[in-house]
Amino acid sequence: MSRFYVTTPIYYVNAEPHLGHAYTTIVGDALTRWRRLHGDDVLYLTGTDEHGLKIRQSADAAGMSPQAFCDSIAPKFAHAWERLNIANDDFIRTTEPRHHAAVQELLQRCYDAGDIELDTYSGKYCVACEEYYSDEELLDNDHCPIHKRPVDHFEEENYFFRLSRFQDRLLKWYADHPGSIVPEFRGNEALGLIRGGLRDFSVSRTSLDWGIRLPWDDKHVAYVWFDALTNYLSATGFGDSSVDYTQRWPVDYHLIGKDIIRHHCVYWPAMLMSAGVDLPKGWAVGGWLLVDGEKMAKSTGNVVNPLDLIDVVGVDGFRYYVLAETAYGSDGDFSFDGLVSRYNADLANNLGNLAARVATVVEKKCGGIGPAPRTDSPLAEAAAEAVAATTKAWDAVAPSRALEATWGLIRATNAYLEMHEPWKSEPGSDVDAVMGDALEALRIVTLLAHPAVPATTEVIWMRLGLSGSPADQRLPAATSWGGYAGGTAVEKGDPLFPRIKS
RNA sequence: GGGGCGGUAGCUCAGUGGUUAGAGCAGGGGACUCAUAAUCCCUUGGUCGUGGGUUCGAUCCCCACCCGCCCUACCA
């Protein structure tokens with residue numbers, strides 16, 4: 001049994017869960033469910049990022065302590081993932097003791113390695129914002145873009161991580177590990193960032209109090225990088241001397257958005273190198289889900305709450321949509337019309353309807369008991385192709401392609417039924433053969449589609465009269481043609497995906 | 001300004017240095033009626049962003065440009 005460890009970014013608790021968070025989290029869930037089907041010992045990690053000035057400010061504004069504020073928001077993420085049927089194995093919060101231990105361990109290791117040194121951070125600072133600004137962010141004459149007033153030149157004593165020392169090592173590592181970033185074109189972006197030159201970055205603040213103290217200098221609080229990124233290590237037990245964190249580390253995939261490539265593919269590996277920790281095996285970089293063609297933002301008022309959508313198309317309808325509609329890596333476009341139309345076309349008309357018609361014909365022509373499939377069924381080849389293509393796609397972290405391949409078998413099965421028209425024949429061996437084949441194809445579809453639509457496939461599995469759950473099956477053996485033995489009572493039940501009238 | 005990614009049928013996307021560029025959805029026609037007015041078959045539709053270049057030949061290679069988006073160093 002192999003181990004498989006996948007992470008999502010940890011989400012900043014300054015905002016409530018939205019479509020973008022849900023997208024990445026669903027991709028990770030489907031990917032890890034696929035690995036579980038293969039018997040892997042999976043660790044799927046998500047969580048929340050709870051430190052920093054903005055949390056402090058939001059807490060102050062709410063009249064709460066930062067911890068109480070975080071305690072009020074973090075469960076909303078955990079709850080949202082429950083609603084979306086996310087099977088994360090752990091949920092890490094950066095305010096947890098285990099995370100503090102890991103952050104301090106990583107900091108200490110980098111400090112001991114000589115890669116963290118005291119220096120001076122200087123920049124243009126707006127007192128009203130309590131923020132530093134780069135020259136390009138400022139208006140003409142060094143005015144704050146928000147407050148329209150002059151910024152001050154500030155200097156602050158910071159510890160810096162000597163990222164500049166890592167350019168050659170990072171380039172060599174990536175050259176030695178081709179394909180570690182998928183899709184490939186995102187890997188090229190990361191290399192471009194490294195080749196473009198690396199500057200040291202500060203890892204601490206003295207002006208911040210809501211965070212983790214540096215172990216060797218408690219006047220300083222860790223700034224975001226060493227705090228947030230380290231969560232991936234915290235969950236493995238890193239920093240706890242009684243635990244062998246290498247049982248879980250290195251991670252197989254960090255799922256990230258394209259906007260945080262620099263932090264995850266440049267800063268993070270350099271930090272790990274410095275600390276003597278193995279680097280991740282892979283990164284899977286996703287694009288953004290735009291909403292009606294525009295970037296989702298509070299200012300445009302187009303923030304989509306995923307929980308509103310599951311009232312319309314169900315949990316699996318929503319999961320299927322985000323997985324199927326967008327090629328992971330590229331930007332996708334979310335639209336309500338698209339959601340409904342894909343739900344109707346793929347789930348109601350294809351999968352749901354196939355399950356319904358098969359059950360009806362088995363009931364009418366086979367006495368409600370599913371016949372066994374033929375060993376030499378023409379559908380067997382279509383099934384094998386679907387299994388192969390689906391597997392290849394999931395292995396490449398390409399959910400939309402995986403589902404397309406799986407749906408190919410659904411279409412082939414519908415076509416197969418049309419060709420033989422078993423509803424026109426009298427009960428007998430010919431009808432039994434056709435329906436056995438259809439049931440077997442549907443069983444295989446159920447397994448292949450399970451990572452995307454786990455709840456519905458459980459229901460189909462049960463209606464086919466099969467015991468247990470698709471999740472108990474072991475691929476690839478379970479997707480071999482002929483796994484259905486026949487002789488089970490097939491139940492029609494209510495429509496799995498009632499068609500939505502638009 | 002610099003770096004990067006993308007621009008292929010109405011929509012979402014595949015794709016390859018070479019005969020007539022593909023899929024799904026949407027549109028049109030037909031068949032069927034087991035099924036959630038679902039399904040199946042056929043079909044309309046593309047100057048493969050623009051202009052050059054390399055080549056016997058480019059959507060795929062090179063250059064320039066246009067458009068969209070991302071990063072540009074401390075918001076995930």
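Numbers restart at 1 for each chain; the letters A, B, ... are given by sequence-line order, proteins then strands. What you see is a predicted model; the values in this text were computed from it and never measured.
B/rG10: Watson-Crick or G-U partner is B/rC25, with both key distances under 3.5 Å. Under the Watson-Crick and G-U wobble criteria, each requiring two contacts below 3.5 Å, nucleotide B/rC75 is left unpaired. Pair assignment for B/rU20 gives none, since no Watson-Crick or G-U wobble pairing has each distance under 3.5 Å.
Evaluation of atom-type donor-acceptor distances gives a pair under 3.5 Å for the side chain of A/Arg205 against the base of B/rC74.
Under the side chain to side chain donor-acceptor pair (under 3.5 Å) criterion, A/Lys76 pairs with A/Glu16, sequence neighbours left out.
The aromatic ring centres of A/Phe91 and A/Phe77 sit 6.0 Å or more apart.
Contacts of residues 261-269 of chain A with RNA chain B (heavy atom under 4.0 Å): A/Arg262, A/Tyr267.
Looking at A/Arg401 and A/Glu404, no side-chain N of the basic residue comes within less than 4.0 Å of a carboxylate O on the acidic one, giving no salt bridge.
Here, B/rA58 and B/rG49 have their C1' atoms 16 Å apart, quoted to the whole Å. Nucleotides B/rA26 and B/rG45 place their C1' atoms 12 Å apart, quoted to the nearest Å. Rounded to the nearest Å, the gap between the C1' atom of B/rC61 and that of B/rC25 is 34 Å.
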With a cut-off of 3.5 Å and sequence neighbours excluded, list every side-chain donor-acceptor pair involving residues 255-274 of chain A.
unit_1: A/Lys258; atom_1: NZ; unit_2: A/Asp331; atom_2: OD1; d: 2.9
unit_1: A/Lys258; atom_1: NZ; unit_2: A/Asp331; atom_2: OD2; d: 2.8
unit_1: A/Asp259; atom_1: OD1; unit_2: A/Trp288; atom_2: NE1; d: 3.2
unit_1: A/His264; atom_1: ND1; unit_2: A/Ile260; atom_2: O; d: 3.2
unit_1: A/His264; atom_1: NE2; unit_2: A/Tyr232; atom_2: OH; d: 2.7
unit_1: A/Trp268; atom_1: NE1; unit_2: A/His254; atom_2: NE2; d: 3.0
unit_1: A/Ser274; atom_1: OG; unit_2: A/Asp115; atom_2: OD2; d: 2.6

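Computed from coordinates, the A/Ile260 CD1 to B/rC71 P distance equals 11 Å when rounded to whole Å.
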